[in-house]
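Start at 1 and go down the list; that is how both ligands and their atoms are numbered. These values consider heavy atoms only, across backbone and side chains, with no hydrogens, waters or symmetry-generated copies.
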Amino acid sequence: MNTHSLNTTFLDIPYLNHFLGELCLPGSKSITNRALLLAALARGTTHLHNLLWSDDTHYMAESLKKLGIANMRFSNDFKDAEISGASGKFSSKKAELFIGNSGTSIRFLTAAASLGNGDFTLTGIDRMKERPIRDLVDALIQVGAKIDYAEKEGFPPVVIHANGLGGGTMHIKGNISSQYLTAVLLAAPCMENPLTILVDGELISKPYVAMTLRMMQEFGVHVENENFQKFCVPNTGYISPGDYTVEGDASSASYAFASAAIAGGPVRLYGIDQNSMQGDVYFAEVLSQMGAEIVYGKGFIDCKRGQFPLQKIDCDLSSIPDAAMTVAALCLFANGTSTIRGIGSWKVKETDRLAAMKAELSKTGAKISTTENSITITPPDEFLPAEFETYNDHRMAMCMSLAAFGISRSQKIRILDPLCVNKTYPAYWKDLKMFSGANFEIPSAK
Ligand SMILES: O=C(O)C1=C[C@@H](OP(=O)(O)O)[C@@H](O)[C@H](O)C1
Ligand SMILES: C=C(OP(=O)(O)O)C(=O)O
């Protein structure tokens, strides 16, 4: 889809002062992209429900089609799909996969395409070519993959000369991205032998690996996990569970929760709860530590402003790098200086998020400082009505929209290139409009 064209549009948001309602969250990006791939690799037909329809998931689905998954049918709204799996090996012998800037798609598919036989090129937009992939390629080479870099060593595009993967033992690093480990875990049950994976050094974003293991189990594969340092994966292949329903997106939920904590709420978000497999539900816990009122129900979470102003915090959020951005934006509204640690991986995501957050949060009048691994936010005395760059990064757009709750009545903020939210949350502006009751014009896709 890639439904937006860069920096040709802007969106003006007036002062917002309330935010309430109930919402069924769109499906989780991370779960959708795992579920599409697992269904494509499994034996049997899978009926997927509550899928996310967005740029990232579209790239995954289109790539799977090009790899030979012919029997993939989507409902008109893309929320449901029926996929006949390939029993561990894609049939295509040659394909060029354009993957935009979807980190999950390029990492997961580099491993999965290596299972087949043929020549596959995986590429994306310019920023994708700056997002490292070497740690994954080095790991796959240990089990027999043949992968070249078409342009810069260590970065996409990658050219895969696939001839199956042997299994055995592999070392992998997880300090830049957990997606490398997830990629090999997802491919492992379809290798020729069982695989033992040893993680060298620190592993970031652990909840995403836990999500991978849980979903592999749901597709019939039990992985032995020794403290996220050693994994033993059998080579039994996946079996379709028949039906599979994707949880609501907990990262997308963070923007509505933050808005309710600032403006009052209450909001009720359906599709996630305390048993969610997404680490980003921990965002609700951070909110409660900051003083918001959180109630966990069965299949939903409620949030409203607490009795006291939002409290400043100092915390390590290395396990939830995406929702950590929302925490940073929320800290603009806290009662003092906050520090968020463990966020060095922001530098290699959709943009250099450390630099981007520093630049854009500062425009509100806040004082921001960063280190290699942290950001410190002192709220503005008075919010400035700024124009925010979004760097083609969906989360920059959604985070900076929160500034509209801080300006005064006659002012507005401007978000440049607002349709970059299509990467994971195409309905974001519509939902913000509905919950806030504000009147603003959403540009349409070209
Ligand atoms: O596995 C996943 O679904 C993801 C893992 C995280 O990336 P890193 O492991 O690179 O931090 C996260 O930021 C990304 O949005 C989704
Ligand atoms: C980092 C993200 O995505 P990805 O790495 O999958 O491109 C994100 O959605 O914030």
Atom pairs and distances, side-chain donor-acceptor, residues 36-46, under 3.5 Å, sequence neighbours left out:
from, atom 1, to, atom 2, distance (Å)
Thr45, OG1, Ser84, OG, 3.4
Thr46, OG1, Ser240, OG, 2.8

Please output the side-chain donor-acceptor pairs of residues 145-158 that fall under 3.5 Å, not counting sequence neighbours, one pair per line with the distance.
from, atom 1, to, atom 2, distance (Å)
Asp148, OD2, His161, NE2, 2.9
Glu151, OE2, Lys129, NZ, 3.3

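Of the protein's non-hydrogen atoms, the one nearest atom 10 (O) of ligand 1 is Ser177 OG, 2.6 Å. From the protein, the heavy atom lying nearest to atom 1 (O) of ligand 1 is Arg34 NH2, 2.7 Å. The protein atom (non-hydrogen) at minimum distance from atom 9 (O) of ligand 1 is Ser178 OG, 2.6 Å. The single protein non-hydrogen atom nearest to atom 15 (O) of ligand 1 is Asp322 OD2, 2.6 Å, given as residue, atom name and distance.
For Tyr425 and Tyr255, the gap between ring centers reaches or exceeds 6.0 Å. Here Phe333 and Phe383 bring their ring centres to under 6.0 angstrom of each other.
Listed by number with element, the atoms of ligand 1 under 4.0 angstrom from any heavy atom of Lys29 are 14 (C), 15 (O), 16 (C). The atoms of ligand 1 that sit less than 4.0 Å from any heavy atom of Ser205 are 8 (P), 9 (O), 11 (O). Near Lys349, meaning under 4.0 Å from one of its heavy atoms, ligand 1 places the atoms 6 (C), 7 (O), 8 (P), 10 (O), 11 (O), 12 (C), 13 (O). Atoms of ligand 1 lying under 4.0 Å from any heavy atom of Pro321, numbered from 1 in the order shown and given with element: 11 (O), 13 (O). Set against the non-hydrogen atoms of Thr104, the atoms of ligand 1 under 4.0 Å away are 2 (C), 3 (O), 16 (C).
With sequence neighbours excluded, no residue forms a side-chain hydrogen bond (donor to acceptor under 3.5 Å, both in side chains) with Asn373.
Counting heavy-atom neighbours within 6.0 Å of Gln217 CD, excluding the residue itself, gives a total above 12. No more than 12 heavy atoms of other residues, nucleotides or ligands shown are found within 6.0 angstrom of NZ on Lys79. Within 6.0 Å of NZ in Lys66 there are more than 12 heavy atoms belonging to other residues, nucleotides or ligands.
Polar contact with ligand 1: absent for Tyr208 (N/O pair, distance under 3.5 Å). Ligand 1 has no nitrogen or oxygen under 3.5 angstrom from a nitrogen or oxygen of Arg395. When only interatomic distances are considered, the shortest N/O to N/O separation between Gln179 and ligand 1 falls below 3.5 Å.
When the heavy atoms of Ser102, Ser28, Ala324, Ser30 are ranked by distance to atom 16 (C) of ligand 1, first place goes to Ser30.
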Task: CA sep, side-chain torsions, deciding dist, call: Asp352, Lys347, salt bridge (charged side-chain N to carboxylate O under 4.0 Å, His left out) - done: CA-CA 4 Å; Asp352 176 348; Lys347 283 189 290 239; over 6 Å; no
Open item on the list: If you apply the rule salt bridge (charged side-chain N to carboxylate O under 4.0 Å, His left out), what do you find for Asp314 with Arg341, and how did you get there?
Closed with: CA-CA 8 Å; Asp314 185 333; Arg341 301 173 197 279; 2.8 Å; yes
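Closest approach of Met191 to Asn235, counting heavy atoms only: O-CB, 3.4 Å. For Ala404 against Ile13, the heavy-atom pair with the smallest separation is CB-CG2, 3.7 Å.
Sorted by chain and number, the residues within 4.0 Å of ligand 2 by heavy atom are Lys29, Asn101, Ser102, Gly103, Thr104, Arg131, Gln179, Asp322, Lys349, Glu350, Arg353, His394, Arg395, Lys423.
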